[in-house]
Amino acid sequence: MKRIFSGIQPSGEIHIGNYVGAIQNWVKLLDSCDSIFCIVDYHAITVEYDVSRMQRNIREAAIVNIASGLDPSKCTLFVQSKVPEHTELTWIFNCVSPLGELMRMTQFKEKAKQHLRNVNVGLLDYPVLQAADILLYKADGVPVGEDQVQHIEFSREVARKFNHRYGETFPEPQALLTKSPRIMGLDGKTKMSKSLNNYIGLLEDGDVIWEKLRTALTDENRKRRNDPGNPDICNLFTLHQAFSTPEEIERINRECRTAEIGCVACKKNLFNNMMAHLEPIQKRAKELTKDQTYVDSVLAQGAKRCQEIAGEVMREVREVIGLK
Ligand code: AQP
C-alpha cells in the first residue's frame with residue numbers, strides 16, 4: 001500500500017480553500033493508501049502568532065479534519081511537535097539543502113514581504129522542515145494545494161541530494177492535486193489563506209457565509225446585470241466547480257456568458273450547494289467539540305504510531321550519516 005503524508009497549520013480557521021484544495025483529496029485517498037496527516041504546529045510558529053490560542057487551534061484543526069471525513073480508524077492524525085524526530089531530521093536536511101533555492105521559494109518571498117519585521121530563519125527553513133515531515137515517513141505521495149507544489153519539488157530534491165551523498169534512503173515523493181488546487185480569496189486577488197482575512201471558514205454560520213459570498217468579487221468587467229460575464233476569470237465559478245453538480249456548472253457557465261443569470265442568483269445557487277456540503281461537517285464538528293477525550297485519544301494514538309515509524313527511520317538515518 002502506498003503511503004501518503006500531508007499537513008495543515010494550526011494557524012487559524014480552516015477554510016474552504018484547505019478543504020477543496022487538500023482535505024477532500026485526503027478523504028478520497030483513505031481507502032487506498034496508508035494515510036498520515038499532521039497538524040504542523042512547528043510550521044505555524046514561523047510567523048507571529050497568539051500563544052494563548054495555539055492549543056485551541058490545534059484541537060480545532062483535529063476536529064475539523066475528523067468532521068470533514070478523516071475517519072481515525074482509516075488514517076493516522078497527529079501533532080508534529082509530539083514527534084521530535086521532525087526537527088532532528090530537519091537539521092540533517094539543512095546540511096544538504098541549497099541556500100539559494102530556499103531564498104528563491106515563492107512562499108518565502110511572499111512571507112518575507114508580509115512580515116518585514118520578522119524575517120526569521122524558520123521562515124526560510126520552512127520547506128526543509130516540510131521535507132523532513134514527508135520523508136520521515138518515506139511517503140510516496142503528498143496531497144496538497146497548488147501553493148505547496150514548489151515545496152514538494154524541493155522535498156524531492158532534498159531526497160535526491162541525501163541519497164546521492166549517503167546512499168539510497170528516501171523515496172522521491174509526488175505532489176497529488178485535486179481538480180480545484182487553487183482557491184482564491186474572496187477579494188479574488190490572493191490565495192485564500194487562514195492568515196489573510198479573505199476566507200470562508202468551514203465552520204462559519206450560514207448567514208456569515210452568505211454575507212461573505214454576497215460581497216465577493218466576481219468578473220470585474222461585468223458592470224451591469226445585463227452585461228455577459230466570463231466564468232473563466234470569475235473566482236466564484238471556481239467555487240461552483242468545487243460545490244455544484246456537473247449539470248449546474250454547465251448551466252451557470254452558459255447562462256453567465258449570455259447574461260441569463262446575474263451574479264446574485266449565481267451566488268445564491270452556490271451558497272445553497274456549499275451549505276448542503278458544509279452542514280453535515282458542521283454538525284459532526286459540534287458533536288466532536290463536546291467529546292474532547294475522543295479527539296485527544298485520536299491524537300495520542302496518532303503520535304504513538306508516528307513516534308515508532310520516525311524512531312525507526314531516524315535510526316537508519318543516523319547510521320548512514322555516520323552518527324549511530
Ligand atoms: N487557497 C487554497 N487553495 C487550495 N489549497 C489550499 N491550501 C491552502 N490554501 C489553499 C492547502 O491546504 C493545505 C494546508 O495548508 P496551510 O495550513 O498552509 O493553509 P493556509 O490557509 O495557506 O495557512 P496560512 O497559515 O494562511 O498559511 P500561508 O499564509 O502560508 O498560506 C495545504 O495542502 C495547502 O496547499
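Counting starts at 1 for both ligands and their atoms, following the listed order. Only a predicted model underlies this, so the values are computations on that prediction, with no experimental measurement involved.
Nearest protein heavy-atom contact of atom 15 (O) of ligand 1 is Asn18 ND2, 3.8 Å. The closest protein non-hydrogen atom to atom 26 (O) of ligand 1 is Ser193 OG, 2.5 Å. Annotation: atom 3 (N) of ligand 1 to nearest protein heavy atom, Ile183 N, 2.9 Å. In terms of protein heavy-atom proximity, atom 17 (O) of ligand 1 is nearest to Lys194 NZ, 2.6 Å. With hydrogens left out, the protein atom closest to atom 27 (O) of ligand 1 is Gln9 NE2, 3.2 Å, a heavy atom. In terms of protein heavy-atom proximity, atom 22 (O) of ligand 1 is closest to Lys191 NZ, 2.6 Å.
By the 3.5 Å distance cut-off applied to N or O atoms, Leu196 is not counted among the residues near ligand 1. Polar contact with ligand 1: absent for Trp26 (N/O pair, distance under 3.5 Å). For ligand 1, the polar-atom distance check finds no N/O of Gln148 at less than 3.5 Å from any of the ligand's N/O atoms.
Distance CE/Met192 to NZ/Lys194: 12.5 Å, rounded to 0.5 Å.
Assignment of Glu110 to the shell around ligand 1 is not supported, since no heavy atom sits closer than 4.0 Å. A heavy-atom separation below 4.0 Å is not found between His43 and ligand 1. Proximity of Ser180 to ligand 1 is not established, as no heavy-atom distance is less than 4.0 Å.
Of the candidates Gly17, Ser11, Ala22, it is Ala22 that places a heavy atom closest to atom 13 (C) of ligand 1. In the candidate list Arg182, Lys111, Met192, His115, Lys111 is nearest to atom 28 (P) of ligand 1, counting heavy atoms.
Proximity to Gly7 (heavy-atom distance under 4.0 Å) selects the following atoms of ligand 1: 14 (C). The atoms of ligand 1 that sit less than 4.0 Å from any heavy atom of Asp147 are 6 (C), 7 (N), 34 (C), 35 (O). Every atom of ligand 1 with a heavy atom of Pro181 under 4.0 Å away is listed here by number and element: 3 (N), 4 (C), 5 (N). Which parts of ligand 1 touch His15 is read off a 4.0 Å heavy-atom cut-off, strictly below it: atoms 9 (N), 21 (O). Of all atoms in ligand 1, listed by their number and element, those nearer than 4.0 Å to a heavy atom of Gly21 are 4 (C), 5 (N). Set against the non-hydrogen atoms of Gly145, the atoms of ligand 1 under 4.0 Å away are 5 (N), 11 (C), 33 (O), 34 (C), 35 (O).
For the residue pair Thr178 / Ser180, no side-chain donor-acceptor distance below 3.5 Å is found, with atom types taken as modelled. Counted by atom type alone, His43 and Asp133 present one or more donor-acceptor pairs between their side chains at under 3.5 Å. Of the N and O atoms on the side chains of His115 and Asn118, not one donor lies less than 3.5 Å from an acceptor on the other residue. Side-chain polar atoms of Gln148 and Gln107 form a donor-acceptor pair below 3.5 angstrom.
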**Criterion salt bridge (Lys or Arg N to Asp or Glu O under 4.0 Å) on Asp34 and Arg305, from CA distance to verdict** = CA-CA 12 Å; Asp34 173 10; Arg305 176 172 185 234; 3.0 Å; yes
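Side-chain contact between Ile321 and Phe162 is present, with at least one heavy-atom pair separated by less than 4.5 Å. Inter-residue side-chain proximity for Thr90 and Phe93 is flagged as unmet; no heavy-atom pair is nearer than 4.5 Å.
Contact record, Ile14 with Ile23: CG2-CD1, 3.9 Å, taken as the closest heavy-atom pair. Across Ser193 and Asn198, no two heavy atoms sit closer than the pair N-OD1, 3.1 Å.
A salt bridge does not link Arg315 to Glu319: none of the charged nitrogens lies less than 4.0 Å from a carboxylate oxygen.
Figure legend: Lys268 and Trp210 shown as a cation-pi pair, the cationic atom lying under 6.0 angstrom from the six-membered ring centre and within 45 degrees of its axis.
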